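I have placed the structure first, in the form of structure tokens, so that the comments after it can refer back to it.
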Amino acid sequence: MDIADFHGRSRPDACPGALQVHAAADGGLARVRVPGGRLTPAQLRELAAAARRHGDGAVELTSRANVQVRGLAHDDRTRDVSGDDPATGADDEGPGGDDGAGNGVPEDGFAARMARAGLLPSATHERVRNILASPLTGLDGPGGGGVTDVTPLIGELDRRLCARPALAALPGRFMFALDDGRGDVAGLGADAAVLAAGPDRFALLLAGTDTGLRVGTDEAVTALLAAAEAFLDELAARDVTAWRISELPDGPALVAARVSAALGPDPTADRTVQAPPSEPVRPRPVALGPVGLIGAAAPPGTARSDPARVALGVAVPLGRLTSAQAEVLADVASGGDIRLTPWRGVVLPGLTRTEAVDAAGRLRAAGLVVDPGSPWIGVTACAGRPGCAKSLADVRADATAVVALAPPARHASRTDTLPVHWAGCARRCGRPKGRVADVVATGHGYRLELDGTGLTCSGIEETAAAVTAARGEL
Ligand code: SF4
């Protein structure tokens with residue numbers, strides 16, 4: 001389609017935030033942005049306490065490494081929004097002013113608690129702080145895949161994003177990504193991403209397409225913000241509404257041209273533009289997050305990595321952390337840093353080996369997954385019943401039943417296993433990118449779909465057998 005024929009969406013996106021709460025079937029749904037997935041133990045504790053006090057008691061992890069809480073009572077809904085998408089636990093996310101404690105937020109309500117915990121630094125920009133970052137960046141040394149540490153860019157991007165009033169108009173679904181070169185988050189569908197091509201060199205990708213623009217570290221955030229502004233300028237010029245760059249015909253090229261013009265002449269001559277690029281980078285979607293000990297075998301390395309320390313990757317079944325589990329995570333995060341991953345898991349960096357072993361035992365006992373051979377690896381689900389009125393089944397309960405029937409792992413690790421996504425209807429909210437086995441409720445059972453073929457299953461045992469076969473675990 002030509003851009004001249006593009007008429008856009010009929011309405012702005014309605015992604016929930018902490019202030020703009022969605023009225024879901026099971027109560028209010030609030031989503032809290034966590035740039036780079038970085039939380040302190042104190043913030044996780046506060047989230048857990050707020051979920052227990054105001055919501056259904058669980059902290060849900062999203063595929064953008066954000067968190068959400070369901071079941072909020074009416075008093076906690078600062079502004080209800082409607083719309084069919086966000087109810088669902090789908091992770092496409094949507095702005096909010098000055099500080100979170102203003103705008104009529106009840107002082108003892110959910111949003112005010114988030115603001116006091118430092119999780120709602122801007123009411124105007126709360127829904128647009130969607131920033132993915134490589135969760136292992138800076139942790140595993142040169143052997144781990146990253147070529148630089150993007151940690152400093154997370155805070156810089158968040159600060160500068162929130163400091164630009166015009167960018168509060170971004171759709172809540174617009175997403176940034178900071179990839180340290182391992183290609184883990186650049187393939188996850190961000191609108192604007194930088195992917196490290198060297199210690200001080202980044203490729204700019206728009207809607208997953210390499211623009212050919214290469215910038216140094218000092219321009220990486222500037223380029224991302226220029227892309228966001230260029231997207232809004234393009235919408236304004238066309239007088240259309242769109243939620244993602246990919247929705248615009250020729251969106252990446254149109255936005256890239258504006259970014260290049262906005263950056264202007266390069267005073268250092270470090271920047272290059274080659275469109276189309278002769279050797280484009282094409283990051284592939286990564287479907288599974290890190291689980292188990294990380295960094296133990298990595299060569300001692302960069303100034304940031306410490307060979308005496310390891311990280312622990314934790315998978316969270318169906319992305320739902322009970323408040324008790326969240327408390328245990330906060331307790332064992334002795335490195336002082338908790339990193340949420342876009343695979344609905346957590347990385348705890350900076351542990352000694354003894355601390356990691358102890359932490360693994362406590363987390364396992366709490367029902368979290370630290371074993372790379374666990375049948376929970378790669379299993380995701382939409383909200384289903386009772387959270388979504390459209391759902392034909394309680395997909396989380398059924399997915400749990402099927403995981404319980406899974407055969408023992410044939411290998412010590414399932415980290416290359418086929419992802420399986422359970423959905424209560426054909427919309428398949430929250431489906432991971434890439435090759436996935438879909439298990440979709442039909443009202444009479446499930447239909448397993450993979451690579452264009454489908455199999456209808458009438459009961460849990462039949463569905464479990466089909467999932468096992470699809471994953472090659474017979
Ligand atoms: S039931 Fe359908 S609309 Fe509801 S969360 Fe699941 S996939 Fe989305």
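All ligand and atom numbering here is 1-based and tracks the order in the structure. Here the structure is a predicted model, which is why all the values come from computation and not from measurement.
At least one N/O/S atom of Cys382, from backbone or side chain, sits under 2.8 Å from atom 6 (Fe) of ligand 1.
Within ligand 1, the atoms closer than 4.0 Å to a non-hydrogen atom of Cys388 are 1 (S), 3 (S), 4 (Fe), 5 (S), numbered from 1 in the order shown. Here is the list of ligand 1 atoms found below 4.0 Å of a heavy atom in Cys425: 1 (S), 2 (Fe), 3 (S), 7 (S). Close approach to Ser391 involves these atoms of ligand 1, each under 4.0 Å from a residue heavy atom: 1 (S). The atoms of ligand 1 that sit less than 4.0 Å from any heavy atom of Gly424 are 1 (S), 6 (Fe). Within ligand 1, the atoms closer than 4.0 Å to a non-hydrogen atom of Cys429 are 3 (S), 5 (S), 7 (S), 8 (Fe), numbered from 1 in the order shown.
Between the side chains of Arg38 and Thr151, at least one donor-acceptor pair of N or O atoms lies under 3.5 Å. A side-chain N or O of Ser458 and one of Glu462 form a donor-acceptor pair less than 3.5 Å apart.
Residues Leu61 and Thr341 form no side-chain contact, since every pair of their non-hydrogen atoms from C-beta on lies 4.5 Å or further apart. Side chains of Leu348 and Leu363 form a contact here, defined as non-hydrogen atoms less than 4.5 Å apart. Inter-residue side-chain proximity for Leu39 and Leu47 is flagged as met; some heavy-atom pair is nearer than 4.5 Å.
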